[in-house]
Structure formats: structure tokens, C-alpha cells
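Report on one structure; see the data block that follows.
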Amino acid sequence: LTETPKVMRDAMVAVEDRRFRYHFGIDPIGMARSVWVGLLRRGSGRRLQGASTITQQLARNIFLSNNYSLTRKAKEAVLALALEWKFSKDELLELYLNKVYFGGGSYGIDAASRRFFGHSATRLDLSEAAIIAGLVKAPSRYSPTADAQAAIDRANVVLDVMVDAGAITPAEYAAAEKLAAE
């Protein structure tokens, strides 16, 4: 496993599961929000807002398929609870970051960093971490090799979320935003 820089861990937690350090594998608040948004969108034909925690995503990536069903979601929740019981939050986050798909055939942050930036993940800076964290939502849509502007726009969303979560300062955001645009 690649030792992940703090900036990458902070970016991923901020954008994928802000309450990661405080829940037990499933996030009742996120689940309630997802149900509420789903009720508001009922009949619109749009898919439900995601409520999967990082631990649930890890469980799905390791043990299950991506085919959506209520049975799979239930299994995902049970597996997430078991993973939380067995591993520390830091271990779970490291496993997730080394297993998740980032596009371009890249599984894990080191492969993604090498694919998109030409260096090891241990050397990621804030703007690069924001780009990589933004890929998880839609790897092909936000790929810097497919659509550089979409990748930058998504990275700016990640940076906004990081500021809102207190992971970075507005000055750090401004510096990273400038670098990402270059």
C-alpha cells in the first residue's frame, strides 16, 4: 500500500464522506438526506443521491458488484460495519485510497498520480489531490486527459468543500486554484 499524503486523505474525506471520522461505517444523517432528496425528486427519473460512506464504498469495491439493488445495499452496510469493527479509520481510508478506481485504468492513488501527473502519490500537492479526489464521482467525465476544464472545475468543487470542512484555509484554496488553472 502507498502511504497517502495528508492532503490527499483530507481531500477525499471532505468530498466523499465528511463525517467519516465520526460514524460507525454507515451514516444515518447521510442516509436520511438521501431519502429526503429522493422523495423530492420522485418521478423525475434522476438517480438517488449517494449515501454510501467511504467504508461502504470500500466494502462494495472489495466484496460486491456495482449493480444497484436494495439487497446489495444491505450487504454493503453489514460489511461496512464489520470492516469498521476490524480496522481503524486510518487503515480503512488507506485501503480505500489504494483500491478505488480513478479512471484511465488507474486503481489506487499511486496509479492515478502516475497516470495523470507522472509522479508518485507521495509527491501530490493540494491542486493535484483535489483533481484526483474529484475523479471518484465520475472518472471518465472528470479525467484531466479527457476534459481538462471539467477536471479543473470539479477540483474547484473539491477545494470549496475542503474549505467548508476546515481542511484548508481560503488562502490555500486560492493558491491551489491558481495552480490547477495553469
Those residues that, when tested against Y96, pass side chain to side chain donor-acceptor pair (under 3.5 Å) (two or more places apart): Q57

Minimum heavy-atom distance between A121 and P5, given as atom pair plus value: O-CG, 2.9 Å

Derivation and outcome, side-chain contact (heavy atoms from CB on, under 4.5 Å), residues R72 and N67: CA-CA 8 Å; R72 195 224 62 218; N67 297 330; 5.7 Å; no

Derivation of the side-chain contact (heavy atoms from CB on, under 4.5 Å) call for F117 and R123: CA-CA 10 Å; F117 303 113; R123 295 182 38 218; over 6 Å; no

Evaluation steps, side-chain contact (heavy atoms from CB on, under 4.5 Å), between V13 and R9: CA-CA 6 Å; V13 168; R9 293 190 310 266; 5.5 Å; no

Residues forming a side chain to side chain contact (heavy atoms under 4.5 Å, CB included) with S88, sequence neighbours excluded: D90, E91

Over all atoms of both residues, closest heavy-atom pair of V158 and A130: CG2-O, 3.7 Å

Over 12 non-hydrogen atoms of neighbours within 6.0 angstrom of NZ in K75: no

Same cluster (ILVMFWY, side-chain, under 4.5 Å), L97 and F116: yes

Non-hydrogen atoms of Y142 and G134 that approach each other most closely: CD1-O, 3.6 Å

Counterpart residues, side chain to side chain donor-acceptor pair (under 3.5 Å), relative to D147 (two or more places apart): none

Within residues 163-173 or reaching into it, pairs that qualify as salt bridge (Lys or Arg N to Asp or Glu O under 4.0 Å) - sequence neighbours excluded: R18-D164

From CA spacing to verdict: side-chain hydrogen bond (donor to acceptor under 3.5 Å, both in side chains), S113, E128: CA-CA 8 Å; S113 181; E128 293 168 339; 5.7 Å; no

OG1 on T53 to CG on L58, rounded to 0.5 Å: 9.0 Å

Spacing of CG belonging to L135 relative to CD1 belonging to I109, to within rounding of 0.5 Å: 12.0 Å

Single-linkage hydrophobic cluster, 4.5 Å side-chain cutoff, V100 and L64 together: yes

All side chain to side chain contact (heavy atoms under 4.5 Å, CB included) counterparts of K86, not counting sequence neighbours: none

Value rounded to 0.5 Å, distance of CG in D17 from CG in D27: 6.5 Å

M12 side, atom CE; L93 side, atom CG - distance, nearest 0.5 Å: 8.0 Å

Straight-line distance of I62 CD1 to L83 CG, nearest 0.5 Å: 6.0 Å

L126 vs L159 side-chain heavy atoms within contact, under 4.5 Å: yes

Side chain to side chain, K73 and S52, heavy atoms closer than 4.5 Å: yes

L92/I54 under side-chain contact (heavy atoms from CB on, under 4.5 Å): CA gap, chis, key distance, verdict: CA-CA 8 Å; L92 290 168; I54 284 175; 5.8 Å; no

By side chain to side chain contact (heavy atoms under 4.5 Å, CB included) - contacts of R114 (at least two apart): D110, S120

Pairs involving residues 97-107, ordered by first then second residue, that meet salt bridge (Lys or Arg N to Asp or Glu O under 4.0 Å) (sequence neighbours left out): none

Pairs involving residues 7-31, ordered by first then second residue, that meet ring-ring contact (aromatic ring centres under 6.0 Å, His included) (sequence neighbours left out): none

Atom pair CD1 (I168) and CE (M162), whose distance is rounded to the nearest 0.5 Å: 5.0 Å

By side chain to side chain donor-acceptor pair (under 3.5 Å) - contacts of T145 (at least two apart): S143

Listed once per pair and sorted, the salt bridge (Lys or Arg N to Asp or Glu O under 4.0 Å) pairs that draw on residues 56-71, sequence neighbours left out: R60-E76

Residues in side chain to side chain donor-acceptor pair (under 3.5 Å) contact with K89, at least two apart in sequence or another chain: E84

Where A59 and L79 come nearest, the two heavy atoms and their spacing: CB-CB, 3.7 Å

Considering all heavy atoms, the nearest A80-T55 contact: O-CG2, 3.5 Å

Contacts of type side chain to side chain contact (heavy atoms under 4.5 Å, CB included), residue Y107, not counting sequence neighbours: Y101

